[in-house]
Number of protein chains: 2
Amino acid sequence: MKSEERRELVLDAATQVFGESGYQGATTDAVARAAGVSQPYVVRMFGTKEALFLAVVQRALDKLLAAFRVELAAGDDPAECLGRAYVGLLADRGLLLSLMHAFALGTHPEIGALARRGMLEVYRMIREEAGLDADQAGGFLAHGMLINTVIAMRLGEADDPLASELLATVLSPESGRLAGLDETRLSS
Amino acid sequence: MKSEERRELVLDAATQVFGESGYQGATTDAVARAAGVSQPYVVRMFGTKEALFLAVVQRALDKLLAAFRVELAAGDDPAECLGRAYVGLLADRGLLLSLMHAFALGTHPEIGALARRGMLEVYRMIREEAGLDADQAGGFLAHGMLINTVIAMRLGEADDPLASELLATVLSPESGRLAGLDETRLSS
DNA sequence: GCATTTTGTAATCATCCGATTACAACAAAC
DNA sequence: GTTTGTTGTAATCGGATGATTACAAAATGC
């Protein structure tokens, strides 16, 4: 197997592991086992665990922006396009959760800086490229953060009619800001 | 000093430390130093680090619900009351950030369960006691999650006009869902 | 074919950190 | 005044974990 494939394999595994356990909670050994390689290999490939996490976050941001651009290029209503793009990203649960963990570490010198840079790039894109106004953009981001939160906290596992109502509201297409998002996606 | 005071002191310190570093990133030694006591004392007082974190989260949830109830009892427009209550909670940065970290650990057996229980209790309160409909409640929670995120990621430290715009939009009273929240609070 | 680079692992190291133990100071009970 | 319980710490232990080293094996170049 070529080095480049291994690298992608490890980054995929790391995205899942970091998404589930966070930066500090994840271990390089867990990443290695998820990728089917040895722990020293993971470390040597990226130098440090921190560099690996930064690579995971940067890759997640790239995929996020790319997904938005793809939908925007083909679509009509910008808000609807962004919603569809977000749906696609939800398929890879680790991606958005790794980003969420990065956002939560704002005081970390490098992770915090990358998180701020990434968030601003996303905001710039939905403002300037998608053409949303400030209120629409804020609403879109807010809705996205709530989606991330209910996914991260596994609200679907709660056996409570109010949980179902909240999930339906947050994930339903009629909720407005994220058209195209249907509840069937929740099960994945 | 009485035991009860010490306990509150340690919980205050732990809330700050967990809020900044997360559950796994925080150390019992950092909590102890922040509280001005020894590390073994912190551990023995709560048994385990996990139990300490659970106590911090439970206490944060209690304060959150109490703040909502206080404002709701005195106010008129429920949405405006909830917004004012959230402003007060922002003064203690660690409180909302500790909750955010708990929400991000949905797969942890006890932490995840407590996070879901807490989120549902908050949702129940704003739906039944405050009387918001499902869409309003979802919007309120979404806005709150975005506020938590921009605070956690220290977006105020980014030197960028778009960052200022996003912060102003998210934190401005005119943004609708969280009336009463003014930007001057951001500096704290 | 032989040297060299690339790709990978086993074994081990060194540090951090949660937890435990043993003990000191001091007040309260009687 | 001795005992007993409370409040606290110093010292230390043991496991987890990121990182390093040494080495094996396969590809690659000449």
Side-chain angles (χ1 to χ4, degrees), chain A residues 1-58 94 98 101-102 105 107-112 114, chain B residues 1-58 94 98 101-102 105 107-112 114:
Chain A
M1 187 175 295
K2 295 286 170 249
S3 167
E4 189 58 31
E5 301 173 43
R6 283 283 193 213
R7 187 185 165 90
E8 285 300 307
L9 205 74
V10 170
L11 280 174
D12 276 339
T15 300
Q16 294 306 120
V17 173
F18 280 127
E20 179 142 333
S21 308
Y23 170 56
Q24 345 253 8
T27 68
T28 56
D29 189 63
V31 172
R33 274 185 279 106
V37 298
S38 67
Q39 181 264 341
Y41 190 41
V42 170
V43 172
R44 206 183 49 181
M45 190 179 279
F46 292 91
T48 65
K49 174 181 164 181
E50 181 186 312
L52 170 59
F53 185 64
L54 289 172
V56 163
V57 172
Q58 183 63 61
S98 289
H101 282 291
L105 295 177
T107 59
H108 187 291
E110 281 102 56
I111 297 174
L114 177 58
Chain B
M1 186 174 296
K2 295 288 172 246
S3 166
E4 188 59 30
E5 302 172 43
R6 283 282 194 215
R7 187 185 165 88
E8 287 298 307
L9 206 74
V10 170
L11 280 174
D12 276 339
T15 300
Q16 295 305 119
V17 173
F18 280 127
E20 179 143 333
S21 308
Y23 170 56
Q24 348 253 7
T27 68
T28 56
D29 188 63
V31 172
R33 274 185 279 107
V37 299
S38 66
Q39 181 264 344
Y41 190 41
V42 170
V43 172
R44 205 183 50 182
M45 191 180 278
F46 292 90
T48 64
K49 174 181 164 181
E50 180 185 313
L52 170 59
F53 185 65
L54 290 172
V56 163
V57 171
Q58 184 63 59
S98 288
H101 283 290
L105 296 177
T107 59
H108 188 291
E110 281 102 55
I111 297 174
L114 177 58

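Every chain is numbered from 1 and lettered A, B, ... according to where its sequence line falls, protein lines coming before strand lines.
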Peer 1: Without decimals, in angstroms, what is the distance between B:Y41 OH and C:dC17 C1'?
Peer 2: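 In whole Å, C:dC17 C1' lies 21 Å from B:Y41 OH.
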Peer 1: What is the distance, to the nearest angstrom, from the CD atom on B:E50 to the P atom on C:dC17?
Peer 2: 18 Å
Peer 1: If you measure from OG1 on A:T15 to CG on A:D12, what distance do you get to the nearest 0.5 Å?
Peer 2: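 Answer for the OG1-CG pair, A:T15 versus A:D12, is 6.0 Å.
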Peer 1: Just the rounded figure in Å: distance from P of C:dC13 to CZ of A:R44.
Peer 2: 20 Å
Peer 1: Remember a base hit wins even if backbone is also touched, and classify A:A26 as base, sugar-phosphate or nothing at under 4.0 Å, heavy atoms.
Peer 2: sugar-phosphate
Peer 1: Return the value, rounded to whole Å, for the distance between atom CD of B:Q24 and atom P of C:dG18.
Peer 2: 11 Å
Peer 1: Begin from the C-alpha positions of A:L11 and A:F46 and carry the test side chain to side chain contact (heavy atoms under 4.5 Å, CB included) through to its verdict.
Peer 2: CA-CA 10 Å; A:L11 280 174; A:F46 292 91; 3.8 Å; yes
Peer 1: Nearest-Å distance, CD (A:Q39) to C1' (D:dT20)?
Peer 2: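 To the nearest whole Å, that distance equals 10 Å.
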Peer 1: Taking OP1 and OP2 of C:dG18, is either one under 4.0 Å from a side-chain nitrogen or oxygen of B:T28?
Peer 2: yes
Peer 1: Go through B:Q24 and B:L105 one step at a time and tell me if the side chain to side chain contact (heavy atoms under 4.5 Å, CB included) criterion holds.
Peer 2: CA-CA 10 Å; B:Q24 348 253 7; B:L105 296 177; 3.6 Å; yes
Peer 1: Shortest non-hydrogen contact from B:A14 to B:L52?
Peer 2: CB-CD1, 4.0 Å
Peer 1: Between the side chain of A:T28 and the main-chain N/O of A:K49, is any donor-acceptor distance below 3.5 Å?
Peer 2: no
Peer 1: Under 3.5 Å, is there an N or O donor on one side and an acceptor on the other linking the side chain of A:R6 and the base of C:dG8?
Peer 2: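 Such a pair does not exist between side chain and base.
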Peer 1: Determine to 10° how strongly the helix from C:dG1-D:dC30 to C:dC30-D:dG1 is bent, judged from the axes of its five-pair ends.
Peer 2: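 Comparing the axis at each end, I get an angle of 0°.
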Peer 1: Just the rounded figure in Å: distance from P of C:dG8 to CG of A:L9.
Peer 2: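 The distance from CG of A:L9 to P of C:dG8 comes to 10 Å, rounded to the nearest Å.
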Peer 1: What's the NZ-P distance between B:K49 and D:dA16, to the nearest Å?
Peer 2: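 Value for this atom pair: 15 Å.
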Peer 1: What orientation do B:F18 and B:F53 show, parallel under 30°, tilted 30 to 60°, or perpendicular over 60°?
Peer 2: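 The rings of B:F18 and B:F53 stand perpendicular, inter-plane angle above 60°.
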Peer 1: To the nearest 0.5 Å, what is the distance between CG (B:L54) and NE2 (B:H108)?
Peer 2: 7.0 Å
Peer 1: Without decimals, in angstroms, what is the distance between B:F46 CZ and D:dG8 P?
Peer 2: 13 Å
Peer 1: When we call it a touch if two heavy atoms are under 4.0 Å apart, what does B:A32 touch: a base, just sugar-phosphate, or nothing?
Peer 2: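 Nothing, no heavy atom under 4.0 Å.
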